[in-house]
Amino acid sequence: MPDADASATNSTNSDSRPSGRSDGAARAERTPAPAAAAPGADPHAPAAPARERDVGAGSRKVAADAASDAPALLRLLAAGGASAPRRALLEACGSAAAALAAGARAWNEAGLSPQQIERLRAPAGEAFWREAGWCGDAGPRALDWLAQPGHRLIAWTEPDYPALLRRAPSPPLALFVAGEAARLWHPAVAVVGSRSPTPAGSGNAADFARALARSGLAVTSGLAAGIDAAAHRAALDAGGLTVAVLGTGPDIAYPRRHADLLARIAAEGVVVSEYPPGTAARPGQFPARNRIVAGLSLGTLVVEAAERSGALITARLAAECGREVFAVPGSIHNPLARGCHRLIREGAGLVESAAEVAAALAPVAAELADGLRRRLAAPIDSGHAAVIHAGQDDSSPVSGDSDPPDFADPDYQSLWNALGFDPTGMDELVRRTALTTAELSSMLLVMELEGRVSAQHGRYFRNR
């Protein structure tokens, strides 16, 4: 079941006014207070987790530690209730296994409720999982799912936990992820709207998603019928990145007819859920899902939405995160345009092209790239190279640099030398560089954000 503080975001607040380009005071009121920064730290950098990301052997160790910690983390998730005390417990103890071993005194100090403490003391049998609202074999089923290649359970304390989501109100304690988890750091736009759009609405969603993907932005949505599915497919067909956030377990498509689309996104993009494998669709899980869609994205674009719509919930949650909100206007005679018109009246940005969205988000996308470079200690010169080129719909270089870059780190230089102007798959890059897939994934993501490398259908090539 959703965490208590997550479900609190589900109720519609008529006083909340989504804002696209609102004044600074309104943005400050909506933005959660950042954690205290260390002296000399960049105040605009994404908040760092308890442990810094290691590259190479260190990243492999982090992944191995996370896998061994999964059974304890599943128990902590199944305790239910407010997630903030459990996040505090994880921060204090460093791992889920240590958190469970800490005992009742530490649990009380972290603020866990008596019900949560009782749950943590209970044996993890079928009754334990069912009392959590999960299926009776949820624990073993989740471990089996996690044993498959490309599947992860990312805890709040792990370095791969998405920086933007960390800044959002009531972030999940952990995420079930299918696909390359590091891509959740990629600058993204949520594209949401009606489940029963007009043909023009579906076409607009596809056009925007295709152009956003080609400009270098990922497209985030919820795998629902209508606008969501149109956006996911268009981003994939353009060779871009798309992220599907589910209101079910990561292995269950909803609606069922999207099973093929879910499999394609897991293979070419990223699938995310806060619910364990096997979790069926329940109405209350979808509004909670929307906060993750909004939290992972730099901005939210609404394409066709009725006045009472889940897309408007996503827009409100995006505004509460301090993110940009955009809406596509429509005919005054179209009932599915009324939600967009309401958002525009309340301050959302009226947009007619993806270039307008990309231009508005370019500064914050660059900030995210800077934060990622610091997290990875990436030896890449950031003095030029934009993260995204507003309105760019092709793979032309984002800079006029003609001289090949000279990287301080030999691994980055080796990767650059291994790349060509023709798309190259990950297996071939592993062969050419003798680096691991984990190492290359982190490095390629940084180089993508710098504008040096482009990706198309899981293959990489030089962008200049």
Side-chain angles (χ1 to χ4, degrees), residues 150-152 162 164-165 175-193 195 197 202-248 250-255 257-273 289-290 292-303 311 314 318 323 326 354 357-358 361 365 368 387-388 393 395 423 426 441 444-445 448-449 454-460:
H151 291 179
R152 290 275 304 279
L164 285 177
L165 186 59
L175 298 170
F176 293 89
V177 177
E180 177 52 58
R183 288 186 171 271
L184 294 176
W185 277 72
H186 199 97
V189 177
V191 179
V192 297
R195 286 180 170 81
S202 293
N204 285 338
D207 289 344
F208 270 88
R210 188 180 302 111
L212 289 168
R214 288 174 177 169
S215 76
L217 288 160
V219 173
T220 306
S221 201
L223 201 75
I227 296 298
D228 288 20
H232 285 309
R233 289 193 177 99
L236 290 170
D237 291 344
L241 173 63
T242 191
V243 177
V245 184
L246 308 189
T248 59
D251 57 339
I252 294 181
Y254 186 84
R257 65 180 180 274
H258 287 174
D260 289 345
L261 179 58
L262 176 61
R264 185 181 176 192
I265 295 172
E268 301 178 33
V270 189
V271 174
V272 178
S273 176
R289 176 272 315 268
N290 292 348
I292 304 177
V293 173
L296 285 171
S297 308
L298 294 172
T300 292
L301 171 67
V302 182
V303 183
T314 307
R323 312 291 164 77
F326 308 96
V357 177
L361 296 178
L368 181 65
V387 177
I388 52 176
D393 287 338
S395 58
M426 182 65 77
S441 294
L444 285 164
L445 179 57
E448 266 193 89
L449 290 172
S454 290
Q456 191 171 50
H457 303 298
R459 299 162 70 85
Y460 299 87

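Because the structure is predicted, anything quoted here is derived from the model rather than measured. Here, residue 1 is the first one in the sequence, and each next residue gets the next number.
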message: Using side-chain contact (heavy atoms from CB on, under 4.5 Å), reason through Val192 and Ser221 one step at a time and then give a plain yes or no.
response: CA-CA 6 Å; Val192 297; Ser221 201; 4.2 Å; yes
query: Residues two or more places apart in sequence or in another chain: which of them pass side chain to side chain donor-acceptor pair (under 3.5 Å) with Thr300?
result: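 If we apply the side chain to side chain donor-acceptor pair (under 3.5 Å) test to Thr300, skipping adjacent residues, there are no hits.
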Quick one: pull up [atom1] in [X] and [atom2] in [Y] and give me the separation to the nearest 0.5 Å.
{"X": "His186", "Y": "Leu296", "atom1": "NE2", "atom2": "CG", "value": "13.0 Å"}
{"X": "Arg264", "Y": "His232", "atom1": "CZ", "atom2": "NE2", "value": "12.0 Å"}
{"X": "Asn204", "Y": "Ile227", "atom1": "CG", "atom2": "CD1", "value": "7.5 Å"}
{"X": "Leu164", "Y": "Arg323", "atom1": "CG", "atom2": "CZ", "value": "4.5 Å"}
{"X": "Thr220", "Y": "Leu241", "atom1": "OG1", "atom2": "CG", "value": "7.5 Å"}
{"X": "Leu217", "Y": "Thr242", "atom1": "CG", "atom2": "OG1", "value": "12.0 Å"}

query: Is the number of heavy atoms from other residues, nucleotides or ligands under 6.0 Å of Arg195 CZ greater than 12?
result: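 Atom CZ in Arg195 is not crowded, with 12 or fewer foreign heavy atoms closer than 6.0 Å.
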Give me the atom names and distance for the closest heavy-atom approach of [X] to [Y].
{"X": "Ala206", "Y": "Ala234", "answer": "O-CB, 3.4 Å"}
{"X": "Ala224", "Y": "His258", "answer": "O-CE1, 3.3 Å"}
{"X": "Phe176", "Y": "Pro250", "answer": "CB-CG, 3.8 Å"}
{"X": "Ser215", "Y": "Ala358", "answer": "OG-CB, 4.3 Å"}
{"X": "Ala253", "Y": "Leu262", "answer": "N-CD2, 3.7 Å"}
{"X": "Asp228", "Y": "Gly222", "answer": "OD2-N, 3.0 Å"}

message: If the test is side chain to side chain contact (heavy atoms under 4.5 Å, CB included), which one of Val245, Thr248, Val272 qualifies with Arg289?
response: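 It is Val245; the other options fail the test.
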task: From the options Leu444, Val270, Val177, select the one residue that forms a side chain to side chain contact (heavy atoms under 4.5 Å, CB included) with Arg183.
output: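 Only match with Arg183 under side chain to side chain contact (heavy atoms under 4.5 Å, CB included): Val270.
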message: Let's go through Leu223 and Leu261 carefully: what are the C-alpha distance in whole Å and the side-chain angles of both, what is the deciding distance for side-chain contact (heavy atoms from CB on, under 4.5 Å) to 0.1 Å, and is it a yes or a no?
response: CA-CA 8 Å; Leu223 201 75; Leu261 179 58; 3.8 Å; yes
query: Heavy atoms, side chains only, cut-off 4.5 Å: are Leu246 and Ile252 in contact?
result: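 Not touching, per the 4.5 Å side-chain cut-off.
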query: Does the side chain of Leu175 reach to within under 4.5 Å of the side chain of Leu165, using non-hydrogen atoms?
result: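 Result yes, sub-4.5 Å side-chain heavy-atom pair found.
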query: Is there a side-chain contact (heavy atoms from CB on, under 4.5 Å) between Val191 and Phe208 once you walk through the steps?
result: CA-CA 8 Å; Val191 179; Phe208 270 88; 5.5 Å; no
